[in-house]
There are 2 protein chains.
Amino acid sequence: MVKRVSDAVKRRLPRYYRRLLSLDEAGTESVSSKELGALLGLTASQVRQDFNLFGGFGHQGYGYPVNKLREALEEILGLKRAWKMVVVGAGNIGRALAGYGYLGGDAFRVEALFDVDPAVIGTQVHGLTVKSADEMVSFINENNIDIAILTVPQEVANKVAHLISSSAVGAILNFAPVKLDAQENGPIIESIHIIDTLMSLTYQLSAKNITKPR
Amino acid sequence: MVKRVSDAVKRRLPRYYRRLLSLDEAGTESVSSKELGALLGLTASQVRQDFNLFGGFGHQGYGYPVNKLREALEEILGLKRAWKMVVVGAGNIGRALAGYGYLGGDAFRVEALFDVDPAVIGTQVHGLTVKSADEMVSFINENNIDIAILTVPQEVANKVAHLISSSAVGAILNFAPVKLDAQENGPIIESIHIIDTLMSLTYQLSAKNITKPR
DNA sequence: TAGATTGTTAATCGATTAACAATC
DNA sequence: TAGATTGTTAATCGATTAACAATC
């Protein structure tokens, strides 16, 4: 009954959720596929196709009940429970993410922060004491960590990712600007390449200047 | 002669570039579309199609000259010049990005960091003195800033984005978890929604457990 | 009821993959 | 030369859009 969920849909689900959350908080009772599509830059068809992958949430002539759909998405996205995370690498980005609180909610919790630098180990970051990377794998396993956020320098990213993959962690969120080698039966990997997005901007800015100089 | 570059290609260009850079630094002279595709998880066809959008860089029977292709991508992506940036919002992520240095290179430079909090204004972050948001637009215009990195709380993100759009900035890199309203003839906007990527992970972790419990 | 809007099938569009002649 | 690999056209695949009967 459950159809295949494409990557494109997978990426849209959080966007639907965020918007439905804000509609719900604003007290909106229902929303049509057309309205929601307009808010997100999608067609009404696309919205309906997407929601129908997970079941019929709408009512003809009425639209979708905001609260009910929000709840359903919360369930689908796994936001009804808390997820335990560790941050690996206490550099700029790592330290920033260690203070991460989810939109006022509590789905994501950073339980520990690791580094290899003796000068950094033992220091306090957002109420956490930086731990030695030597303790990482055992900490992940003993504390049932779900997600490891990888913010180490690119030179060692794959080495550290391998180490993480030897633990029981479920997923890695990678911020290093390298492609991590996927492991057979290893953690799910998603990457955020900030530098790629910056380059995409400079590409567009450069291309723009060719056709339409400012 | 230049064909339309799809969003999918636009997102692959930085990945090609990063890989070619590391191949070049490793002294590799040539790479075939098959080899490069394998390194990036793409088909050889796709690699050849992509490069052919920008001209014939390859040689039959030989492949692509790494250094020449890297140079070409550097040109295409606009990395031969420096881009001036400001960070708007001196919170966790903003402060982290203010210390941003590009992969040892010098294409991206953070020139200033702005905030509205009087307690933060005037403090030092990575060698920069946090400036008042009141000075932002004039600073952007007087210093020919190319890119504004937006790291303010979501509640004010669109308001601040509007303000930024009233300046001469070319692009906004948005980290706030909201969709920014696109402006007619306004800056190019790209967003990095960290929370969306986390939700995509928990979706996958949840879906995984339904079919294959651990 | 009449109007609105869904769920779902069919049509379209675009991106990816395959194929292969050209040629280094 | 023979083998390898490109550039490019054609085929396939999948995602998006359109259409419309069902129905609230």
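Below, chains carry the letters A, B, ... as their sequence lines are ordered, and counting in each starts from 1.
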Return no unless some side-chain N or O of [X] is found under 4.0 Å from OP1 or OP2 of [N].
X       : N      : value
A:Gln46 : D:dT16 : yes
A:Thr43 : D:dT17 : yes
B:Tyr64 : D:dG7  : yes
B:Arg4  : C:dG14 : no
B:Arg48 : D:dT6  : yes
B:Arg12 : C:dT16 : yes

Please report the distance, rounded to the nearest Å, between [atom1] in [X] and [atom2] in [N].
X       : N      : atom1 : atom2 : answer
A:Leu69 : C:dT6  : CG    : P     : 11 Å
B:Lys34 : C:dA18 : NZ    : C1'   : 14 Å
A:Gln60 : D:dT23 : CD    : C1'   : 5 Å
B:His59 : D:dA4  : NE2   : C1'   : 14 Å
A:Asp7  : D:dC13 : CG    : P     : 18 Å
A:Leu40 : D:dT16 : CG    : P     : 14 Å
B:Phe51 : D:dG7  : CZ    : P     : 10 Å
A:Leu53 : D:dT16 : CG    : C1'   : 13 Å

> In this structure, which one of B:Leu40, B:Leu69, B:Ile76 forms a side chain to side chain contact (heavy atoms under 4.5 Å, CB included) with B:Tyr16?
Replying inline: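 Passing option: B:Leu40.
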
>> Among B:Ile145, B:Asp146, B:Asn141, which residue satisfies the side chain to side chain contact (heavy atoms under 4.5 Å, CB included) criterion with B:Val169?
In response: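 That would be B:Ile145.
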
>> Determine whether a donor-acceptor pair (N or O, by modelled atom type, separation under 3.5 Å) exists between the side chain of B:Asn67 and the backbone of B:Ser30.
In response: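 Checking the backbone N and O of B:Ser30 against the side chain of B:Asn67, no donor-acceptor pair under 3.5 Å is found.
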
> Can you tell me the Watson-Crick or wobble partner of D:dA4, both distances under 3.5 angstrom?
Replying inline: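 Across all strands, the one nucleotide that pairs with D:dA4 is C:dT23.
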
> Who is the Watson-Crick or G-U wobble partner of C:dA15, with both distances under 3.5 Å?
Replying inline: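 With both distances under 3.5 Å, C:dA15 matches D:dT12.
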
> Got a donor-acceptor pair under 3.5 Å from the side chain of B:Ser45 to the base of C:dA18?
Replying inline: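 Indeed there is one.
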
> Between the base of C:dT9 and the side chain of A:Gln49, is there a donor-acceptor distance below 3.5 Å?
Replying inline: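 Indeed there is one.
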
>> Assuming nearest nucleotide by heavy-atom distance, tell me which of A:Gly61 and A:Ala8 is located more 5' along DNA chain D.
In response: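 First, find each residue's nearest nucleotide; the 5'-ward one identifies A:Ala8.
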
> Which residue, A:Val9 or A:Tyr62, contacts DNA chain D at a nucleotide closer to its 5' end, judged by nearest heavy atom?
Replying inline: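 By nearest-heavy-atom nucleotide position, the 5'-most residue is A:Val9.
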
> Yes or no on side chain to side chain donor-acceptor pair (under 3.5 Å) for B:Ser45 and B:Gln49, after CA distance, side-chain angles and deciding distance?
Replying inline: CA-CA 6 Å; B:Ser45 262; B:Gln49 293 267 27; 5.8 Å; no

> From C:dT6, C:dA19, D:dT16, pick the nucleotide closest to the side chain of A:Ser33?
Replying inline: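 For the A:Ser33 side chain, the nearest candidate turns out to be C:dT6.
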
>> Closest approach to the side chain of A:Asn52, judged atom by atom: which nucleotide of C:dG7, D:dT5, C:dA18 is it?
In response: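 Between C:dG7, D:dT5, C:dA18, the one nearest the side chain of A:Asn52 would be C:dG7.
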
> Testing A:Arg19, A:Arg18, A:Arg15 for salt bridge (Lys or Arg N to Asp or Glu O under 4.0 Å) with B:Asp196, which one passes?
Replying inline: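 Only one option passes, and that is A:Arg18.
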
> Would a 4.5 Å heavy-atom cut-off, applied to side chains only, mark B:Pro65 and B:His59 as touching?
Replying inline: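 With C-beta onward as the side chain, the pair touches.
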
